[in-house]
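This report concerns only the one structure given below.
Just so it is clear: chains get the letters A, B, ... in the order the sequence lines come, proteins before strands, and each one is counted from 1.
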Amino acid sequence: MEKAYNQAHETDIYQKWEESKSFTPEKDPNKKPFTIIMPPPNANDPLHVGHAMFVSVEDILIRYHRMKGDAALWLPGTDHAGIETQFVFEKKLAKDGKSRFDFDRETLFAKIWEYVQDNSGVAVAQMKRLGASADWDRFTFTLDPNVVTFVYNTFERLHKDNLVYRAEKLVNYCVKCGTGYSELEVEYEERIDPLYYVKYPIKDSPSEFVTVATVRPEPLFADTHLAVNPKDKKRKHLVGVTVLNPLTGAEMPIIADEFVDPAFGTGVVKLTPAHDANDWAVAEKHNLPRNVAITMQGKLTDKAGQFAGLRVLEARKQIVAFLTTNGFIEKVDEKYSHRIATCYRCHSVIEPLPLPQFFISVKPLTEPALLAIKNKQVKIHGTGREKILVNWLKNLRDWNVSRQIVWGIRIPVWYEVAKNPNISVTFLSESGEKVRGELGELLNHYPLSEITKGLQSLIAPNDSTFVISQNNPGDGYIQETDTFDTWFSSGQWPVVTLKVREGDFEYFYPTSVMETAYDILPFWVMRMLMLGLYLTNEVPFTDVYFHGLIRDEQGRKMSKSVGNVINPIDLVEKYGSDALRMALVMSTTPGTDNNVGESKVRGMRNFSNKIWNATRYVVEGSKEEPVLASKLRDEEVLTHISEIVDTATKMLDSLKLGLAAEYLYQEFWRWYCDQVIEMHKKGEITTKTLTRALHTFLNLLHPFAPYVTEASYQQLSDKKTPLLITASWPVK
RNA sequence: GGUCGUAUAGCUCAGUUGGUUAGAGCGUUCGAUUCACAUUCGAAAGGUCUCUGGUUCGAAUCCAGAUACGACCACCA
C-alpha cells in the first residue's frame, strides 16, 4: 500500500462503480424507493462550489439509502437555462461582430443548440469527478423532445382549466436583452440622478404653475393627466383644474387618487400609465389613455415630435434643455438618490413597457401548496425557510411566462393570419433583407412561407385570436415567437423526468428529498410544489433540504470581479474529492451560509489520509492474534461500535448531515485511531475485533468520503461484496 | 416599510431538541520521529455562549425586550 492516500486513483474507482451498474436502481416492489431529482445545472457552464455542495449532500443521501437496501434513484439532468445561455451566446456573437438580429430565430436556435452541445459534457464530467453516483442512464435535458411535449401538454391543460390568459400588462422589459422578465428577475440598484421640478402652466391662468418632480421627463409628451391626493387639503383645490403640457401644449386635467403621497415630492404626480406600474393601475381605475412613449428598442415613439427616435437618455438631455430654455424647469436636485429597476443579467435599466404576454393564474396553484406545507406533506429543512416559502406563496402575483428570446421552448400558440392582419412581424427575407411590418400588408409582397422561414419575432396585438396546438394547425397560421420562462419547464421537473420513462413515475413518485440552494426557493422550489400538485395531486417531494450559499473564508460572496471564485475541480485535484465533500458538509447546517476556505479542505484531506493509514495498519500489521488477558476490552469496543452505528443512522435519517459527518470524524480519529488501534498494539484486543470495527467505519464513512473508503476497502481481504458502494449499511 | 434569520475560542463554524467540566477545523505555544500516518503524535493556552429580564430544580438551548449584523420582498413620482 502506498504510504499516503493518493487521490489520483479516484477516476479509476469511479469507473469501477459505473461498470458495476450500481447507480441504476431496480424497481423491486419489495424495496423502498428513495428518489432525488438533481437540480439540473446550466448545461453550458462549468460547475462552481455551490454545485459541489449539492453533489455532496445528494450523493451522501443516495449512497446511504443505496447501502440501506432502498431502491435509490438519483436522476440527473441539465438545464437549457434560457436567458442565461442566450445572453452568453450573444456575447460570443458580439465578439465576431454579430448579433441575434442577424439571424432568423430557427437558425439562431440551431446555433445555440450546437454551442450548448459543445460545452454540455463539462458539467457532467465534473459531477462524476466529485463522485456523483447518479443514474446517468436516466440523464435528461430540459429541451429533450419528450420533455418539450410534456411541457406543451401541461400548458394545454392549464389553458383548459382557465389558468392561462393572455393580457397586455406592463412588463419589466430589458431593451438590451430584448426580453421581458418576471418580477423575480429585476434587481434594484441605488442610483443618484437629477430630480427635475417641471412647471405645468395652468390653462386659465397661464402665469400660475403646478410643479411636479420627476426623474424621467422624457415620456412627458405622452402624459395626459396629473394627480393629487383627494385628502391633501393644501392641493385639493387643484382637482379638476386643467394644466398645459409644457412640451406639447396639450390640455391635461388634474385628477384625484389616493395613491399620491402628499408628503412626497411636490405632492403632485404626472401620470405615465404605459411606463409605470402605479400609473398603469391608476389609469385602469380611472379609464385613462395609456399612451406609449418608449419603444421596445428604447427610443421615443414618433409622437415625440422633434425628439422622436432618440434613445431615452439622449431624449432626457434634450427635453430638459428644451424645458429649461422655455422656463418650465423650476429647479433641479442634482443629487437625488433613488432605487432603479435593472436587469439582473446585464444591469441595464429596465423599461416598463406594455406588452401582450401569457400569464398563469397562480391563486389556484398556491392554495394547495400552502395546504401541503401546513399539513406537513412536505417538510422544509433549513433555518427559517418554511416561513419564507409561505410568505411567497401568500403574496405571489400572476406569473408571466412569456420570454422574448429564442433559446427555450417555443410557446405552442398559433395565430390565424387572415383573422389577425395587424400582427407585426420582423423577418429576414430570402434576399437577406430585414423586413418589419404588419402581416396583412406584408402578405401582399411575400408568401407566408417566406415570412415564417425568416421570422425573427412577432408581436400580436392583445385582442388577437389564437389556438393552442403542438403542431401547425393548418395553412395560414403563424406561431408565437415567444418562449416559455425556463422555470415554467423546470417547475415540472420532478414529474416530467419520471413521466418520460415507462413505470418510473408509478414507482418513484413522489420523490423523497429535493435538495437545492435556498436562493432559488421562489423561482424553482415554489413552482415545483405548485405545478407538481397541479399535475399529480400529490406533493412532488416529501422533504426539501435547502443548503446555504458558499462564501469565501472571509464571508464574501464569490464573484469573478473580486477574484475569489473557487473552482471545485482545482481543489479536487489538489486534495481529493472526499476532502472537498467533507469540508462542504461537516459542521454545516441547512439554510445558513457557509464560509469555506482552502484550510478546511486541507484539514479534511488529512482525514482521508487518516482513513487510508488506519487501513494500512490493519492490512499490514501483525497477523498474529494476541493472547488476551480478558475479553472485556473486545466487548467494550464492539459495544461502542454499535452505539456509533445507531447514532450515525439516526442522524442521517433526520437529515442532520453536518452533525453526522462531525460525529463520525471524531469517533474515527479520536476513538478508533487514537485508542482502539493503540489497544491492539498493546495486545488488549483481537485483530478480528480491530478489523470488524474498521469494516464498520468504512461503511459508515462511505457516503461522506466514497473514494478513500472504497480504495481502503479494496485493500481488505475479507470482503463481503466486491465493491463498498454496494455493501450493506451496518445494523446495530 | 414588510417578512425572515444570525450573534458561541484569534478566524470559520457545530452544538443530536433543557441535563455533569460547552466542542471541532484552521491558527497559536511547547515537546516528540526508525513504531499505520509529519497529510503524524503528545501537551498547553484560549469562552461571562451579545446584553437585560423571565420560565425552570437546572438555560448556549425556551419566552420577552434591547443592541448589532445579514437575507429576501415592497416602495421612493
Given that both distances must come in under 3.5 Å, which nucleotide forms a Watson-Crick or G-U wobble pair with B/A14?
none
Pairing nucleotide - B/A68, Watson-Crick or G-U, each distance under 3.5 Å
B/U6
Have a look at A/Ser654 and say if it touches a base, only the backbone sugar-phosphate, or nothing, with a 4.0 Å heavy-atom cut-off.
nothing
Distance between C1' atoms of B/U17 and B/A43 (Å, rounded):
35 Å
Whole-Å gap separating C1' (B/A36) and NZ (A/Lys610):
8 Å
Give A/Met586 one of three labels, base, sugar-phosphate or nothing, depending on what nucleic acid heavy atoms sit under 4.0 Å from its own.
sugar-phosphate
Counting only side-chain N and O atoms of A/Asn278, is one of them less than 4.0 Å from OP1 or OP2 of B/C76?
yes
Among B/U39, B/G27, B/A74, the nucleotide that comes nearest once only the side chain of A/Asn609 is considered:
B/U39
Quick one: pull up CG in A/Asp718 and CZ in A/Arg692 and give me the separation to the nearest 0.5 Å.
11.5 Å
P gap between B/G25 and B/G70, integer Å
30 Å
Using a heavy-atom cut-off of 4.0 Å across all strands, would you classify A/Asp593 as base, sugar-phosphate, or nothing?
nothing
Between A/Glu678 and the options A/His680, A/Lys681, A/Lys682, the side-chain hydrogen bond (donor to acceptor under 3.5 Å, both in side chains) test singles out A/Lys681
With P as the reference atom in both, quote the distance from B/U16 to B/U33 in angstrom, rounded to an integer.
42 Å
Report yes if a side-chain nitrogen or oxygen of A/Asn606 is closer than 4.0 Å to either non-bridging phosphate oxygen (OP1 or OP2) of B/U40; otherwise report no.
yes
Between B/A22 and B/A59 - P atom distance, rounded Å
14 Å
Within 45 degrees of the ring normal and closer than 6.0 Å to the centroid, is that where the cationic atom of A/Arg385 sits relative to A/Tyr518?
yes
Decide, yes or no, whether a salt bridge links A/Arg316 with A/Glu218 under the criterion of side-chain N to carboxylate O below 4.0 Å.
yes
With the side chain defined as heavy atoms from C-beta on, A/Tyr617 is closest, among B/G25, B/C37, B/A36, to B/A36
Expressed in angstrom and rounded to an integer, what is the separation of A/Phe546 atom CZ from B/A71 atom C1'?
14 Å
Mind checking A/Lys650 for me? I need base, sugar-phosphate or nothing, with any heavy atom below 4.0 Å counting as a touch.
nothing
Below the 4.0 Å mark, does B/A14 have OP1 or OP2 next to a side-chain nitrogen or oxygen of A/Thr592?
yes
Under 4.0 Å, heavy atoms only, any strand: does A/Val215 hit a base, just the sugar-phosphate, or nothing?
sugar-phosphate
CG of A/Asn6 versus P of B/C37: gap in Å, rounded?
17 Å
Nearest to the A/Tyr665 side chain among B/C4, B/A36, B/G25, which nucleotide is it?
B/G25
Rounded P spacing from B/U3 to B/A64 in Å:
15 Å
From CD of A/Glu643 across to P of B/U16 the rounded distance in Å is 19 Å
Tell me yes or no: between the side chains of A/Glu662 and A/Gln666, is some donor less than 3.5 Å from an acceptor?
no
Determine which nucleotide pairs with B/C75, using a 3.5 Å limit on both distances of a Watson-Crick or G-U wobble pair.
none
Polar pair under 3.5 Å, donor/acceptor by atom type, side chain A/Lys681, base B/A36:
yes
Under-4.0 Å side-chain N/O to phosphate OP1/OP2 contact, A/Trp669 with B/C41
yes
Check whether any side-chain N or O of A/Lys656 sits under 4.0 Å from OP1 or OP2 of B/G15, and answer yes or no.
no
Which value, in whole Å, describes the distance between the P atoms of nucleotides B/U34 and B/C26?
25 Å
Looking for any heavy atom pair under 4.0 Å, which part of the strands does A/Gly658 touch: base, sugar-phosphate only, or nothing?
nothing
Considering just the side-chain nitrogens and oxygens of A/Lys600, establish if one lies under 4.0 Å of OP1 or OP2 belonging to B/C13.
no
Quick test of your reading of the model: are A/Glu284 and A/Lys169 salt-bridged, counting only N-O distances below 4.0 Å?
no
For A/Tyr672, answer base if it contacts any base atom (sugar-phosphate contacts may also be present), sugar-phosphate if it contacts only those atoms, and nothing otherwise; contact means non-hydrogen atoms under 4.0 Å.
nothing
B/A7 and B/C49: how far apart are their C1' atoms, nearest whole angstrom?
10 Å
Do A/Lys68 and A/Asp653 meet the salt-bridge criterion of a basic N to acidic O distance under 4.0 Å?
yes
Base, sugar-phosphate alone, or nothing: which one does A/Arg191 contact when heavy atoms must sit under 4.0 Å apart?
nothing
Out of B/C72, B/A24, B/A38, minimum distance to the side chain of A/Trp392 belongs to B/C72
OP1 or OP2 of B/C13 less than 4.0 angstrom from a side-chain nitrogen or oxygen of A/Asn595, does that happen here?
yes
Taking only the side-chain heavy atoms of A/Leu659 (C-beta and beyond), determine which of B/C76, B/C41, B/A14 contains the nearest atom.
B/A14
C1' atom, B/G19 versus B/C35: distance in rounded Å?
42 Å
According to a strict under-4.0 Å criterion, is A/Arg605 in side-chain N/O contact with OP1 or OP2 of B/C26?
no
Name the pairing partner of B/U56, where a pair is Watson-Crick or G-U wobble with both distances under 3.5 Å, or state none.
none
What's the spacing between A/Met53 CE and A/Leu549 CG if we round to 0.5 Å?
10.0 Å
Can you tell me how far C1' of B/G5 sits from CG of A/Leu389, to the nearest Å?
16 Å
